[in-house]
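Since the structure comes first, as structure tokens, the remarks are kept for the end.
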Amino acid sequence: MKKDIEIPVVDNVYVAVIKEWDEEFLAQTWNSYIINDRDTAIEMALVVTKGYDEDRKTSLLRHGIGTIKAKSSAKIEMLQEELLAMNNEFAVTFFADSKLYEKKYIFRKNTINENAFQDLPVMDQRGVLVK
């Protein structure tokens, strides 16, 4: 029965976007990260990303991140400047405590900018965070 189905709530797992120096491109680039601020590791982390607005949408990108240790982070992907003017959705799925967790994190269009920077948990950096 539906009442018997437990849907676990995702706590202390975030998605952040950081502007940082890229040695390969020799420029500042926007990179997205998944942050595990839990006291336990998360396993088999999968992230599906897409960008969209009223007129356009990007293709879906799937990222198999794997295990993310407790109090650590992992890079998801680089975001091109053009995508910042769109809604950016990150659908995160992972296993922890023998349960399957899932949550969607959405950066609304034009919210990824340096004015929205804040201190990020676990990472010693500043960026835009969605809880």
Side-chain angles (χ1 to χ4, degrees):
M1 307 269 286
K2 282 187 177 181
K3 65 180 177 70
D4 297 326
I5 298 173
E6 178 192 351
I7 301 174
V9 177
V10 176
D11 286 324
N12 300 321
V13 176
Y14 314 110
V15 173
V17 176
I18 300 169
K19 191 172 189 178
E20 57 192 353
W21 181 255
D22 188 312
E23 285 294 328
E24 184 178 342
F25 296 112
L26 298 176
Q28 292 282 333
T29 59
W30 293 94
N31 293 302
S32 57
Y33 287 85
I34 181 170
I35 299 172
N36 178 12
D37 196 19
R38 297 166 46 103
D39 293 327
T40 59
I42 61 176
E43 299 174 339
M44 294 178 54
L46 301 169
V47 182
V48 178
T49 64
K50 68 178 179 179
Y52 61 91
D53 61 16
E54 298 81 25
D55 306 320
R56 308 169 292 168
K57 65 179 179 177
T58 66
S59 55
L60 292 175
L61 296 177
R62 294 170 180 85
H63 306 276
I65 307 296
T67 300
I68 304 172
K69 295 178 183 175
K71 304 293 183 184
S72 67
S73 63
K75 186 175 179 179
I76 301 170
E77 68 182 5
M78 183 181 91
L79 296 172
Q80 297 175 339
E81 288 279 340
E82 300 82 34
L83 293 176
L84 304 183
M86 301 173 79
N87 296 316
N88 288 279
E89 181 178 300
F90 295 79
V92 175
T93 306
F94 61 90
F95 280 98
D97 309 320
S98 300
K99 296 178 187 171
L100 177 67
Y101 292 81
E102 64 180 358
K103 184 174 180 176
K104 286 186 182 177
Y105 300 85
I106 300 174
F107 292 89
R108 297 285 175 208
K109 61 183 178 179
N110 299 313
T111 59
I112 300 174
N113 61 64
E114 293 184 37
N115 294 331
F117 278 9
Q118 60 181 297
D119 292 330
L120 300 176
V122 176
M123 304 177 79
D124 189 27
Q125 294 185 348
R126 293 177 54 81
V128 183
L129 184 71
V130 172
K131 296 181 179 184

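Across A41 and A96, no two heavy atoms sit closer than the pair O-CB, 4.1 Å. When all heavy atoms of T49 and H63 are compared, the closest pair comes out as OG1-NE2, 3.8 Å. The two residues S73 and Y33 come nearest to each other via the heavy atoms OG-CD2, 4.4 Å. What you find for I18 and R126 is that their closest heavy atoms are CG2-O, 3.9 Å. In terms of heavy-atom proximity, T111 sits nearest to F107 at OG1-C, 3.7 Å.
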Going through the distances and angles, do F94 and L100 end up as a side chain to side chain contact (heavy atoms under 4.5 Å, CB included)? CA-CA 6 Å; F94 61 90; L100 177 67; over 6 Å; no
Working note: K103 + Y105, criterion side chain to side chain contact (heavy atoms under 4.5 Å, CB included); need CA distance, chi angles, decisive distance, verdict. CA-CA 7 Å; K103 184 174 180 176; Y105 300 85; 3.5 Å; yes
Criterion side chain to side chain contact (heavy atoms under 4.5 Å, CB included) on N36 and I34, from CA distance to verdict: CA-CA 7 Å; N36 178 12; I34 181 170; over 6 Å; no
Verdict with reasoning, L84 to N113, per side chain to side chain contact (heavy atoms under 4.5 Å, CB included): CA-CA 8 Å; L84 304 183; N113 61 64; over 6 Å; no
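In this structure the side chain of I35 reaches within 4.5 angstrom of the side chain of L129, judged on heavy atoms. Proximity of L46 to V48: side-chain heavy atoms (C-beta onward) are nowhere separated by under 4.5 Å. Residues K50 and K57 form no side-chain contact, since every pair of their non-hydrogen atoms from C-beta on lies 4.5 Å or further apart.
Linking Ile, Leu, Val, Met, Phe, Trp and Tyr whenever their side-chain heavy atoms come within less than 4.5 Å puts V10 and I65 in one cluster. A chain of hydrophobic side-chain contacts below 4.5 Å, direct or via other Ile, Leu, Val, Met, Phe, Trp or Tyr residues, connects F117 to V17.
Separation of atoms CD1 (I68) and CG (D37) is listed at 12.0 Å; rounding is to 0.5 Å. Note that CE of M86 and CG of L79 are 11.5 Å apart. Values are rounded to the nearest 0.5 Å. A distance of 14.0 Å separates NZ of K109 from CG of L83, quoted to the nearest 0.5 Å. Once rounded to the nearest 0.5 Å, the distance linking CZ of R56 with CD of E82 reads 9.0 Å. Note: K69 NZ to I42 CD1 = 13.5 Å, rounded to the nearest 0.5 Å. Between atom CD of residue E24 and atom CE of residue M78 there is a gap of 8.5 Å, rounded to the nearest 0.5 Å.
Seen from the ring of Y101, R38 counts as a face-on cation partner, given the 6.0 Å and 45° thresholds.
Between the side chain of K19 and the main chain of W30, no donor-acceptor pair closer than 3.5 Å is present. Formation of a donor-acceptor pair under 3.5 Å by the S32 side chain with backbone atoms of E77 is found in this model.
The 12-atom threshold is exceeded at CG of L26, counting heavy atoms of other residues, nucleotides or ligands nearer than 6.0 Å. With a 6.0 Å radius and a threshold of 12 heavy atoms from other residues, nucleotides or ligands, M44 has its CE atom at or below the threshold. Within a 6.0 Å radius of CD in E102, no more than 12 heavy atoms belonging to other residues, nucleotides or ligands are found. Within a 6.0 Å sphere centred on CD of Q125, heavy atoms belonging to other residues, nucleotides or ligands number more than 12.
Evaluated for a side chain to side chain contact (heavy atoms under 4.5 Å, CB included) with F90, the options I106, I76, V130 yield exactly one hit, I76.
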